[in-house]
Engineer: 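Structure in structure tokens, see below.
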Amino acid sequence: MTKNFILAGIDFHAPSDLVARQLIGTVLLVDGVGGRIVETEAYDREDPASHAFSGPTERNGAMFGDPAHAYVYRSYGIHWCLNFVCRESGHGAGVLIRAIEPLEGLERMRERRALEAELLLCSGPGKLCQALGVSRDHNAMALALPPFALWAAPQPVQVVAGPRIGISKAMDVPWRFGLAGSRFVSRPF
DNA sequence: AGGAAGATTTGCT
DNA sequence: GCAAATCTTCCTA
């Protein structure tokens, strides 16, 4: 029996920009804490802005592993950032989870985020990792297994796209996706 | 061995 | 709007 990389109705073998777009509206929980994904960014192997661009290293190894697994890396020595691995095993592609609309475990999020206002609990890749308790321990873990849970979008959503944030290369590629009209994104589209 | 850069966040001017 | 905080990874010598 072959491994199944379809999760929440999304085929993680697909190119990262497709997966990033389809992830908008899905519900992500980590140990019961999480909410609706409202902002993502796609990164791919042939993408100068991607960690995978220069090939596998110790840091990005998970990106070259199986799809539908997590890739967690340290950002600016301070924050953790969570990605979902895409494409076939060994390709080196992923989707950065940039913002979540908090739905479950608000109390634990507030504890971890120092009682931050609800709108700001998960409005950024580093913030949502802090709120959901994601760290190095989650790197390379399967998204289909606990503590992760990913549910299909409860209802159809309208997705908007734009250039990615915080990068210095390929700044014209519109691989940032968001839930139209959401106030929980890290920055307006 | 050393240094520069980094898919960020926060607070202050 | 700008710069600091903070540290790991990766590249160069």
Side-chain angles (χ1 to χ4, degrees), chain A residues 12 15-24 28 30 34-35 37-65 67-87 91-102 109-141 143 159-179 182-189:
Chain A
F12 281 79
S16 50
D17 59 319
L18 284 184
V19 175
R21 177 178 284 273
Q22 293 181 89
L23 278 170
I24 300 298
L28 169 69
V30 180
I37 295 176
V38 297
E39 184 181 342
T40 61
E41 278 178 4
Y43 290 89
D44 203 81
R45 178 62 206 269
E46 304 299 324
D47 172 8
S50 172
H51 288 170
F53 184 64
S54 298
T57 64
E58 188 170 350
R59 174 174 75 157
N60 66 21
M63 253 183 131
F64 289 86
H69 282 58
Y71 162 46
V72 181
Y73 69 91
R74 196 91 152 130
S75 174
Y76 290 88
I78 306 169
H79 312 285
W80 297 106
C81 290
L82 172 65
N83 298 253
F84 293 173
V85 179
C86 303
R87 295 277 197 153
H91 180 93
V95 174
L96 171 67
I97 310 302
R98 286 195 57 91
I100 285 175
E101 176 181 341
M109 289 190 195
R110 289 198 189 93
E111 289 170 16
R112 291 163 172 163
R113 292 269 307 137
L115 302 175
E116 185 75 77
E118 183 173 338
L119 259 181
L120 304 177
L121 277 177
C122 302
S123 60
K127 294 178 185 179
L128 76 88
C129 281
Q130 185 183 14
L132 272 57
V134 173
S135 71
R136 156 138 294 160
D137 299 339
H138 298 84
N139 190 42
M141 288 185 64
L143 300 176
V159 178
V160 293
R164 293 172 291 183
I165 290 180
I167 55 174
S168 56
K169 298 161 190 162
M171 302 176 64
D172 54 327
V173 180
W175 274 3
R176 176 181 179 230
F177 302 96
L179 178 63
S182 175
R183 292 148 41 239
F184 295 90
V185 295
S186 64
R187 289 170 53 178
F189 277 77

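Every chain is numbered from 1, with letters handed out A, B, ... down the list of sequences.
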Engineer: A/Met171 near the nucleic acid: base, sugar-phosphate alone, or nothing, with a heavy-atom cut-off under 4.0 Å?
Structural biologist: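 Answer is nothing: A/Met171 stays at 4.0 Å or more from every strand.
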Engineer: Looking at the side chain of A/His79, which of C/dT6, C/dT9, B/dT9 is the nearest nucleotide?
Structural biologist: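 Ranking C/dT6, C/dT9, B/dT9 by closest atom to the A/His79 side chain puts B/dT9 first.
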Engineer: Are A/Arg21 and A/Phe177 in a cation-pi setup, meaning NZ or CZ lies under 6.0 angstrom from the ring centre and within 45 degrees of the ring axis?
Structural biologist: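 A/Arg21 over A/Phe177 ring: no.
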Engineer: Write down the distance between NE2 (A/His51) and C1' (C/dT8), rounded to a whole number of angstrom.
Structural biologist: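 From A/His51 NE2 to C/dT8 C1': 11 Å.
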Engineer: Is a donor-acceptor pair below 3.5 Å formed from side chain A/Tyr73 to base B/dA7, judging by atom type as modelled?
Structural biologist: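 Pair found.
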Engineer: Looking at C/dA5, B/dA7, B/dT10, which one has an atom nearest to any side-chain atom of A/Ile167?
Structural biologist: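 Minimum distance to the A/Ile167 side chain belongs to B/dA7.
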Engineer: Of the listed nucleotides (B/dT10, B/dA7, B/dT8), which one gets closest to any side-chain atom of A/Lys127?
Structural biologist: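 Looking only at side-chain atoms, A/Lys127 lies closest to B/dT10.
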Engineer: Please report the closest heavy-atom contact between A/Ala42 and A/Asp47, naming both atoms and the distance.
Structural biologist: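 Heavy atoms only, the tightest pair is O-OD2, 4.1 Å.
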Engineer: Ring stacking, A/Tyr43 with base of B/dA7, under 5.5 Å and under 30°?
Structural biologist: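 It does: the two rings, one from A/Tyr43 and one from B/dA7, meet the stacking criterion.
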Engineer: I'd like to check A/Tyr73 versus A/Asn60 (side-chain heavy atoms, cut-off strictly below 4.5 Å). Are they in contact?
Structural biologist: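 A side-chain contact under 4.5 Å is absent here.
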Engineer: Given pairs defined as Watson-Crick or G-U wobble with both distances under 3.5 Å, what dot-bracket annotation applies to DNA chain C, with ( ) intrastrand, [ ] crossing, | other strand and . unpaired?
Structural biologist: |||||.||||||.
Engineer: Distance check needed: C/dT8 P versus A/Arg59 CZ, whole Å only.
Structural biologist: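 In whole Å, C/dT8 P lies 12 Å from A/Arg59 CZ.
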Engineer: Using a cut-off of strictly less than 4.0 Å, decide whether A/Ser75 has a side-chain nitrogen or oxygen near OP1 or OP2 of B/dT9.
Structural biologist: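 No.
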Engineer: Can you check the A/Arg187 CZ to B/dT8 P distance for me, whole Å?
Structural biologist: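 Computing the A/Arg187:CZ to B/dT8:P distance gives 10 Å.
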Engineer: In whole Å, what is the span from the CG atom of A/Asn83 to the P atom of B/dT8?
Structural biologist: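 Going from A/Asn83 (CG) to B/dT8 (P), I get 11 Å.
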Engineer: Is any side-chain N or O of A/Lys169 closer than 4.0 Å to OP1 or OP2 of B/dA7?
Structural biologist: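 For A/Lys169, the contact criterion (side-chain N or O under 4.0 Å from OP1 or OP2 of B/dA7) is not met.
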Engineer: A/Asn139 has an atom CG; how far is it from atom P of C/dT8, in whole Å?
Structural biologist: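 Rounding to the nearest Å, CG of A/Asn139 and P of C/dT8 are 15 Å apart.
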Engineer: Can you find a side-chain donor-acceptor pair between A/Glu39 and A/Ser186 that sits under 3.5 Å?
Structural biologist: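 Yes, because at least one side-chain N or O of A/Glu39 sits under 3.5 Å from a partner of the opposite role on A/Ser186.
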Engineer: Looking only at the side chain of A/Tyr71 (C-beta and beyond, no hydrogens), which of the listed nucleotides B/dT10, B/dT8, B/dA7 gets closest?
Structural biologist: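 Nucleotide nearest to A/Tyr71's side chain: B/dA7.
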Engineer: Of the nucleotides C/dC7, C/dC11, C/dA5, which has the atom closest to the A/Ile78 side chain?
Structural biologist: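 Closest of the options to the side chain of A/Ile78: C/dA5.
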Engineer: Using atom P of each nucleotide, how far apart are C/dT6 and B/dG2 to the nearest Å?
Structural biologist: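 Approximately 23 Å lies between the P atom of C/dT6 and that of B/dG2.
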Engineer: Against A/Asn139, only a single residue in A/Asn83, A/Val72, A/Leu82, A/Val134 fulfils side-chain contact (heavy atoms from CB on, under 4.5 Å); can you say which?
Structural biologist: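 That would be A/Val72; it is the only one of A/Asn83, A/Val72, A/Leu82, A/Val134 passing the side-chain contact (heavy atoms from CB on, under 4.5 Å) with A/Asn139.
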Engineer: By nearest atom, which of the nucleotides B/dA7, C/dC7, B/dT8 is closest to the A/Arg74 side chain?
Structural biologist: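 So the side chain of A/Arg74 is nearest to C/dC7.
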Engineer: If the cut-off is 4.0 Å, is A/Arg98 near the phosphate of B/dT8, judged by side-chain N/O to OP1 or OP2?
Structural biologist: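 Yes, such a contact exists.
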Engineer: Is it true that A/Arg112 and A/Gln130 share a donor-acceptor pair across their side chains at a distance under 3.5 Å?
Structural biologist: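 The criterion, which ignores hydrogens and geometry beyond distance, is not satisfied for A/Arg112 and A/Gln130.
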Engineer: Which heavy atom of A/Met109 sits nearest to which heavy atom of A/Cys122, and what is that distance?
Structural biologist: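 Nearest pair, atom of A/Met109 first, then A/Cys122: SD-SG, 3.7 Å.
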